[in-house]
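All values below were derived from every heavy atom in this structure, side-chain atoms included, with hydrogens, water molecules and symmetry-related copies excluded. Each ligand, and each atom within it, is numbered from 1 in the order the structure gives.
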Amino acid sequence: MRQGSDLVAAEVLVNAPDLVVCLDSDLLIEAIGGDTEAFLGLASQELLGRSAIELIHNEDQERVIANMKRFADGQETYRPELRLAHAGGYSVVVEVVGRRVRRRDGTHYLLVARRQLGLGVRQVADDVGIGILRCDPFWEIHESNAAASLLHGYAGEELFGRIQDLSVRVLVEPDGDSTAVSGLETAVQLHPALRYLEDAGVSSLVATIVGRDGVSRVISFDGRRVQYREDGTPGIIMLLRDVTELHQMQQELYRRSTRDDLTGLLKRSTFIQAAESLLKATVQQSGEQSGGSSLFGVLFCDIDRFKSINERHGHGEADRFLAQLSADLAQLGTGPAQLGTGPAQLGTNTEASQSTGGTTSVHLGRIGGDEFALAVQCNNRAEFDRLAAGFRASVQRTALATLHVLVTASVGVSEFDPEVGQTVEELLDEAGAVLRVAKGTGRDRILHCDTSLRSVRIEQKRLEGVLRAALRTGRIEYALQPVVDPYTGQISGAEALARLRDDNGSLVPAAKWIEVAVSAGLSNAVDAAVVEPVIKLLGSLVGRCPRGLPVIGVNLSDTSLARPDLAEWIFSLLERHQVDPVAFLVEVPELVLPVIRERAAEALRQFREKGLWLAVDDFGSGYASFNEVRDLPLNTLKIDRSFLTEQRDSADYIILRTALEMTHALGCRSVAEGVETQAELEIVMDLKVNYVQGYLLARPMPPDDFVRLLLSDRPLAPQRIEHEDG
Ligand code: C2E
Ligand code: CA
Ligand code: CA
């Protein structure tokens, strides 16, 4: 029986469709069966006693020898793919399944080689440098072609079953600038990625592989689940491409889009993004700790009188100073001594460090010409001051070293208040607002946004909302305050003053909201909301006033004055309502005269040509020179209320007299604004003022009341002062 089955076995061996080989411990062929002609182009007898290695394609020999050794030393499975050298001069790709057979004279092997397709693909892949990793159903690398070897530095067979040897860091985002934002990179091993693939079927990921040579390369992995064998067991094929250069280019583009060219610091938008995520982390941490020991703040840092540095040293020097300063700021963290106590890091990115009482994280950005901002997360309020002081010290040091001058800096600090829940942008606004206060009070200092300042800001925000809504729904009102000829009491005209009603129906004082309109960029909308109805009102008065149309003045802000279509806009309105231009007056604040000179001179000239009145408002409150006033086509000066006086021997009286004399010498009409008392009135009348406007004669009133008063033609006499709102 035994004999018989051996015979059958021999028969099977000889006639097998595969190649069946027995090797002795020296890898010499002891027995061979199967279709030797097809695999090797030789008959089986010719092969006996020959070295099996000789039958293998040159290039595959070395690795097969190495692996046969490992196999002999006890590695459990051996299942390589290799190329056999066919006598016809070509190679035949086979997959080999091996088994060890222990005999007294050593380890023998029984190998079965099976034809394997796909050589063409693999060779092409090698040629174009696409790495291939094939994994078996147990998620272990089973094949790695030469191109893949170049990428990971292991000879293909070495990785067999040893996937954990590959050091892989998966970049979560392709723009993975590891220094930009924390958490962009997560280190993972490759096999979790493969497992992910098991679930998803297809996957693409970009990962950094640190090869055996220590070089890290950015590799794109494209994986696909495949049938591993004819029986349908799944496996994975991964195509590997080296995208290091592409990745570097992407990173550079990303860097350029997020960083400032001159200083390499974060740009405003990126800074805000980075700061937002830091703020989010702070809020989360505080929530978890429930004691809320994590603090967040924004520092708005600005160099004092940078404009004059620019002027005195030129832009080139000033730029070099800024670049040097940025480098210095980034280094602040490395030398704790420079910053005083704790070794907080002032890098361009989130860097955490231990300092007194905890961890401080900082983002640094350049958000304007000479404006820098720090977003700070810390555990100790003193950190804000320490970093602000660090900034100021850095500015001084750098300016001394590069410009050889003493330059100071100011910092506005705004701390996140969980009760208010500001966004980073709001904090930046707040810090900017305190910074302006710091500048206004002597510069060279650090100022914190305290609660009173904050409540002012909150109120301003609210008013901005009320204002926007009013503009949207056309609910901006205006009052008219009569301008009177004091010698006859006749109303000669009026000044239109914008009025905003709060949600509760009461009027908001202009002093409170006009500034809000300016900083929200809404002042020209406000002007337009007054100009249009005023001209319409004048149109409705045409032919109804016994002494002719009153002259009604409007206030134009500098943004209105900068409108390129300013003259056209006003002329078309006057025309539409058939109003004679001599009934319209434009008031420009003395403070904006320089702006006008540059941008609105032409419009003003056209106004004068058509006969419009042009007035300088608040004359005396700014620093307008006589020449400035003379050179512009102005014809009315409104003397600021601050010069009114009741005493003829005061300094104010002399200024008032000079201002009025100057006005008349220039051939302009004068209006004394804000006359409240009989004594003030008598003085300006003595000085031959042309017109008077003030509570003493009439308060600003609703347009209907003004029209009634005007048409009654009743002279106005000084009266007791009441309130506008009744
Ligand atoms: P302004 O152009 O100097 O307007 C005169 C201001 O003096 C008005 O304040 C007026 O109510 C006030 N006034 C008049 N008589 C007296 C008086 O006897 N005593 C005192 N203490 N004040 C008097 P108002 O309406 O609060 O406006 C304040 C400022 O808001 C205006 O100063 C003007 O600069 C601005 N403004 C008002 N309406 C507009 C507008 O439509 N556009 C622009 N751009 N600014 C406007
Ligand atoms: Ca005015
Ligand atoms: Ca005024």
Side-chain angles (χ1 to χ4, degrees), residues 463 467 470-471 476-484 486 493-501 507-535 551-563 566 570 584-593 595-596 600 613-622 624 634 636-646 659 670-681 684 691-703 706 716 718-725:
L463 281 180
L467 173 60
L471 283 169
I476 292 288
E477 300 172 27
Y478 68 97
L480 289 173
Q481 183 178 30
V483 174
V484 182
E495 175 177 2
L497 297 156
R499 292 290 178 260
L500 176 68
R501 252 177 226 289
L507 286 174
V508 184
K512 267 181 78 180
W513 68 271
I514 289 284
E515 262 311 302
V516 172
V518 171
S519 52
L522 297 171
S523 53
N524 56 341
V526 171
D527 292 350
V530 174
V531 167
E532 293 181 13
V534 161
I535 293 181
V551 175
I552 302 187
V554 296
N555 294 283
L556 292 188
S557 63
D558 52 350
T559 32
S560 291
L561 289 164
R563 276 177 71 149
L566 176 63
I570 291 197
F584 196 66
L585 179 144
V586 168
E587 296 190 7
V588 295
E590 187 190 89
L591 269 173
V592 306
L593 285 183
V595 178
I596 295 166
W613 292 95
L614 287 180
V616 174
D617 202 357
D618 310 331
F619 183 65
S621 66
L634 304 159
T636 304
L637 264 63
K638 298 189 78 169
I639 313 290
D640 194 64
R641 169 173 159 69
S642 58
F643 296 108
L644 294 186
T645 177
E646 299 188 333
S670 56
V671 180
E673 267 194 309
V675 175
E676 288 183 354
T677 65
Q678 188 67 36
E680 286 171 351
L681 179 66
V684 290
Y691 299 96
V692 168
Q693 175 185 352
Y695 294 170
L696 181 68
L697 295 163
R699 296 189 69 95
M701 58 188 76
F706 174 77
L716 282 181
Q719 51 189 262
R720 285 206 39 219
I721 295 172
E722 316 128 24
H723 285 286
E724 189 180 347
D725 251 349

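No heavy atom of Lys638 sits closer than 4.0 Å to any atom of ligand 1. Ligand 1 lies less than 4.0 angstrom from a heavy atom belonging to Glu673.
If you look at Glu680 next to ligand 1, there are no close heavy atoms at all, none under 4.0 Å. Using a 4.0 Å cut-off between heavy atoms, Arg699 makes no contact with ligand 1 at all.
The shortest N/O to N/O separation between Leu497 and ligand 1 does not fall below 3.5 Å. Ligand 1 has no nitrogen or oxygen under 3.5 angstrom from a nitrogen or oxygen of Gln693.
Taking a cut-off of under 4.0 Å to the non-hydrogen atoms of Gly674, the atoms of ligand 1 that pass are 15 (N), 16 (C), 17 (C), 18 (O). Ligand-side atoms of ligand 1 in range of Gln481: 10 (C), 14 (C), 15 (N), range being under 4.0 angstrom from any heavy atom. Applying the 4.0 Å criterion to heavy atoms of Asp617 picks out, from ligand 1, the atoms 1 (P), 2 (O), 3 (O). Under a 4.0 Å criterion applied to the non-hydrogen atoms of Ala510, ligand 1 contributes the atoms 24 (P), 26 (O), 27 (O), 28 (C), 30 (O).
Asp618 lies apart from the Ca ion (ligand 2) in this respect, since none of its N, O or S atoms is found at a distance under 3.0 Å. Checking Asp617 against the Ca ion (ligand 2), an N/O/S atom falls under the 3.0 Å cut-off.
The backbone N or O of Glu673 sits nowhere less than 3.5 Å from a side-chain atom of Asp640 that would complete a donor-acceptor pair. Checking side-chain atoms of Trp613 against main-chain N and O of Thr636 turns up no donor-acceptor pair under 3.5 Å.
The two residues Gln693 and Pro482 come nearest to each other via the heavy atoms CG-O, 3.9 Å. Scanning all heavy atoms of the two residues, the minimum distance from Ala615 to Lys638 falls at CB-CG, 4.3 Å. Residues Leu561 and Ala600 come closest through the heavy atom pair O-CB, 3.3 Å. The minimum heavy-atom distance linking Ala528 with Pro533 is given by the pair O-CD, 4.1 Å. Minimum interatomic distance between Leu463 and Lys512 (heavy atoms only, all atoms of both residues): CD1-O, 3.9 Å.
Of the listed residues (Val675, Asp618, Ile514), the one carrying the non-hydrogen atom nearest atom 3 (O) of ligand 1 is Asp618. In this structure, of Ser523, Ala528, Pro700, Ala498, the residue bringing a heavy atom nearest to atom 38 (N) of ligand 1 is Ala498. Across Val530, Asn524, Asp527, Leu644, heavy-atom proximity to atom 42 (N) of ligand 1 is greatest for Asp527.
The number of heavy-atom neighbours closer than 6.0 Å to CD of Gln678, taken from other residues, nucleotides and ligands shown, is above 12.
By the 4.5 Å heavy-atom criterion applied to side chains, Leu566 and Leu556 are counted as neighbours.
A side chain to side chain contact (heavy atoms under 4.5 Å, CB included) with Val484 is found for exactly one of Leu697, Leu681, Val675, namely Leu697.
Around the Ca ion (ligand 2), the angle linking Glu495 (OE2) with Glu587 (OE1) is 90°, rounded to 10 degrees.
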